[in-house]
Amino acid sequence: MRRLFMQSPIALAALWIVAYLVIILLPMAALLLHPAPAARGFWTEFSVALGFIGLALMALQFVLAARVNRIEASYGIDILIQFHRYTSIVAFGLVVIHPLILFVARPETLALLNFPEAPWRARLAVMSVLAFCTMVATTIWRKPLKIPYEPWRAAHSVLAVLAVGLGFGHGIGVGFYLGQFWQIVLWSGFMAVALWLILYVRVVKPLIMTKRPYLVEEVVEQRGDVWTLALRPHGHDGFTFEPGQFAWLTLGVTPLHMREHPFSMSSNGDQRDRIEFGIKALGDFTRQIKHVKPGTKAFLDGPYGVFTTELYSDTAGFVLIAGGVGITPMYSILLTAAERQDDRPFLLIYSASSWDDITYREDLEALKEKIDLTIVYVLRKGHDGWEGETGYVDKDLLDRHIPRHRGSRQYFTCAAPVMMDAVERALFDLEVPVTHVHMEHFNLA
């Protein structure tokens, strides 16, 4: 049985889902082991159940955001972060509905909102909900509110701890279902694991990373306003990675500052002594990459991601669809394939604004001599004399180039969200098996 789960990503992913559901429902199941307090009516008890489930969901958010390698390897960290966002909204809804039901079912509980005169258990509940509301609001409207990423991330962690800790304190204070010693121990252990995870991610792991620094070797300008940031391990052997994976980069400060950003590696995954990133100048941080001086200290947390061809050793070949800087993981895939003398066919469909924006253009052409590589360039507007594809990567274009036997290949797409959505729909319309389509979403912040 263990061997089955180790060899089957789907079985392992299903196992994690079952574990997640069990952990969420475990607190409620544990409450059934002890006689319930005197009947207080269906809606009151239903409200309490929602409150406990919401608190359990809140605590589990620390697990989803902890970058646990065994879990991440089953889904990919981008999917986990998206799931983290959606389940946070569900937890928020449950936590807010919990008191609203009480106020309707038992109007006398409205007096608990009188903060100066309310008992401490009610004050904890109010502060927990306020912390949760602030955390959700600043996350959803961070960009409109123009909150910088690093301060938001630090505040997000503090607010999350406050929301969960105060909510747990409220439950103990009420005492109906946390009045027994073993119940308090059970929930305390649950909260302690959640607290440890956030301490590990924010303190322990950064301290470990400080002992494995990297130094910037050079910054090289590429086409398309992309810069290659090359790092060398300093005092250690570095790490290998599977082509297509990414790492969180901290540059110029220690990891304890929590100023890290995710970037795909663009170099050969088997090359330990030099790790490269292709970074496009799009935001405040990325626009400063070209000014980084050689010798600048850097730190890496990685590798992460399941957007890699190495998971599909039995496929007949690959179709790589890139837009703009989305070529970065594809370039790593092709470089590593050349180094490993992979004899399978690769089709690269690469969309860019113009011929001069084709990043790694000369290097991609050179790779044709080393592996079975076909490249289809798609220019938004072709220059005079251009005879290749123009416009957008749509259903008709893909139909002209991808193999007739759709299921014989694995399809990897990395581009702007609009292009990725269009490609996903087109591949579906072309009857490419859903299990053969892999997308890299880099909306992690």
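Scope of the values below: all heavy atoms of this structure, side chains included, with no hydrogens, waters or symmetry mates. Residue numbers run from 1 in the order of the sequence given.
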Q: Is there a donor-acceptor pair closer than 3.5 Å between any side-chain N or O of Ser267 and the backbone N or O of Glu276?
A: yes
Q: Can you list the steps and then say if Gln61 with Thr87 is a side chain to side chain donor-acceptor pair (under 3.5 Å)?
A: CA-CA 8 Å; Gln61 300 311 306; Thr87 52; 3.1 Å; yes
Q: In the structure I gave you, are the side-chain heavy atoms of Leu398 and Ile321 within less than 4.5 Å of one another anywhere?
A: yes
Q: Without swapping roles, check the side chain of Ser332 against the backbone of Thr328 for a donor-acceptor pair under 3.5 Å.
A: no
Q: Taking everything shown except Glu108 itself, do over 12 heavy atoms lie less than 6.0 Å from its CD?
A: yes
Q: In Å, rounded to the nearest 0.5 Å, how long is the span from OG1 of Thr134 to NE2 of His156?
A: 12.0 Å
Q: Applying side-chain contact (heavy atoms from CB on, under 4.5 Å), run through Val292 and Gln288 and close with a yes or a no.
A: CA-CA 7 Å; Val292 175; Gln288 299 303 314; 5.7 Å; no
Q: Please determine whether side chain to side chain donor-acceptor pair (under 3.5 Å) holds for the pair Thr139 and Arg85, giving the CA-CA distance in whole Å, both sets of side-chain angles, and the decisive distance to 0.1 Å.
A: CA-CA 9 Å; Thr139 299; Arg85 290 170 179 163; over 6 Å; no
Q: Looking at every heavy atom in both Met419 and Gly323, which two are closest together, and how far apart are they?
A: SD-CA, 3.8 Å
Q: Under 6.0 Å between ring centres: does that hold for Tyr312 and His436?
A: no
Q: Do the two ring centres, one from Phe132 and one from Phe92, sit under 6.0 Å apart?
A: yes
Q: Could you go through Arg212 and Asp301, starting from their C-alpha distance and side-chain angles, then the distance that decides it, and tell me whether this counts as salt bridge (Lys or Arg N to Asp or Glu O under 4.0 Å)?
A: CA-CA 10 Å; Arg212 297 176 59 83; Asp301 180 16; over 6 Å; no
Q: Should Ile275 and Phe239 count as side-chain neighbours, where that means a heavy-atom distance under 4.5 Å?
A: yes
Q: Run the side chain to side chain donor-acceptor pair (under 3.5 Å) test on Thr413 and His438 for me, step by step, so that the C-alpha distance in whole Å, both residues' side-chain angles and the decisive distance to 0.1 Å come before the verdict.
A: CA-CA 6 Å; Thr413 305; His438 316 285; over 6 Å; no
Q: Distance check, rounded to the nearest 0.5 Å: Met135 atom CE versus Ser88 atom OG?
A: 6.0 Å
Q: Can you confirm whether Phe62 sits close enough to Leu195 that some side-chain heavy atom of one is under 4.5 Å from a side-chain heavy atom of the other?
A: no
Q: At what distance, to the nearest 0.5 angstrom, does CG of Leu334 lie from OG of Ser266?
A: 12.0 Å
Q: Evaluate the criterion side chain to side chain donor-acceptor pair (under 3.5 Å) for residue pair Thr228 and Gln222; output intermediate values, then yes/no.
A: CA-CA 7 Å; Thr228 292; Gln222 306 286 351; 2.9 Å; yes
Q: Between Glu45 and Phe42 (side chain of the first, backbone of the second, donor and acceptor by atom type, cut-off under 3.5 Å), is there such a pair?
A: no
Q: Can you classify the ring geometry of Phe263 versus Phe285 as parallel (below 30°), tilted (30 to 60°) or perpendicular (above 60°)?
A: parallel
Q: Could you walk me through whether Cys414 and Phe307 pass side-chain contact (heavy atoms from CB on, under 4.5 Å), step by step?
A: CA-CA 9 Å; Cys414 186; Phe307 188 78; 4.1 Å; yes
Q: Using 30° and 60° as the class boundaries, would you call the ring planes of Trp196 and Tyr200 parallel, tilted or perpendicular?
A: tilted
Q: Quick one: closest heavy-atom pair of Thr435 and Gln410, and the distance?
A: O-OE1, 3.9 Å
Q: Hey, what do you get for CD1 (Ile358) to CG (Leu379), rounding to the nearest 0.5 Å?
A: 5.5 Å
Q: Run the numbers on Leu430 and Arg406 for side-chain contact (heavy atoms from CB on, under 4.5 Å), then give the verdict.
A: CA-CA 8 Å; Leu430 292 171; Arg406 314 301 198 200; 3.9 Å; yes
Q: If you define the side chain from C-beta out and look only at heavy atoms, does anything of Thr309 sit under 4.5 Å from Thr336?
A: no
Q: Taking the side chain as every heavy atom from C-beta outward, state whether Tyr392 and Val378 have any atom pair closer than 4.5 Å.
A: no
Q: So, for Arg202 and Pro206, which heavy atoms are closest and what is the spacing to 0.1 Å?
A: O-CG, 3.4 Å
Q: Would you check if the distance from the ring center of Tyr214 to the ring center of Phe299 is below 6.0 Å?
A: no
Q: Is any side-chain heavy atom of Leu102 closer than 4.5 Å to a side-chain heavy atom of Thr44?
A: yes
Q: Can a donor-acceptor pair be found, under 3.5 Å and without considering hydrogens, that links the side chain of Arg409 to the backbone of Val319?
A: no
Q: So do the side chains of Arg425 and Lys395 get within less than 4.5 Å of each other, counting heavy atoms only?
A: no
Q: More than 12 non-hydrogen atoms from neighbouring residues, nucleotides or ligands closer than 6.0 Å to CZ on Phe428, yes or no?
A: no
Q: Can you establish whether the number of heavy atoms outside His234 located under 6.0 Å from its atom NE2 is more than 12?
A: no
Q: Taking all non-hydrogen atoms of both residues into account, name the closest pair between Pro243 and Thr308 and its distance.
A: O-OG1, 2.8 Å
Q: So Thr138 and Trp152, side-chain contact (heavy atoms from CB on, under 4.5 Å) or not? Walk me through it.
A: CA-CA 8 Å; Thr138 53; Trp152 165 81; 4.1 Å; yes
Q: Mind checking the CD1-CD1 spacing from Ile333 to Ile327? Nearest 0.5 Å is all I need.
A: 9.5 Å
Q: Output yes when Arg274 and Glu218 qualify as a salt bridge under the 4.0 Å nitrogen-oxygen rule, no when they do not.
A: yes
Q: Phe190 versus Leu55: any side-chain heavy-atom pair under 4.5 Å?
A: no
Q: Charged N to carboxylate O below 4.0 Å: is that the case for Lys280 and Asp357?
A: no
Q: Are the side chain of Thr240 and the backbone of Arg272 linked by a donor-acceptor contact shorter than 3.5 Å?
A: no
Q: Considering all heavy atoms of both residues, which atom of Ser47 and which atom of His98 are nearest to each other, and what is their separation?
A: OG-O, 2.5 Å
Q: Give me the atom names and distance for the closest heavy-atom approach of Ala322 to Ala415.
A: C-CB, 4.5 Å
Q: Which distance, rounded to the nearest 0.5 Å, do you find between the CZ of Phe277 and the CG of Leu229?
A: 7.0 Å
Q: Between Tyr331 and Tyr360, does the ring-ring contact (aromatic ring centres under 6.0 Å, His included) criterion hold? Intermediate values first, please.
A: CA-CA 8 Å; Tyr331 185 53; Tyr360 309 126; 4.1 Å; yes
Q: Using a 6.0 Å cut-off, check whether atom CZ of Phe115 has over 12 heavy atoms from anything other than its own residue.
A: yes
Q: Return yes if some donor-acceptor pair links the side-chain N/O of Thr286 with the main-chain N/O of Leu282 below 3.5 Å, else return no.
A: yes
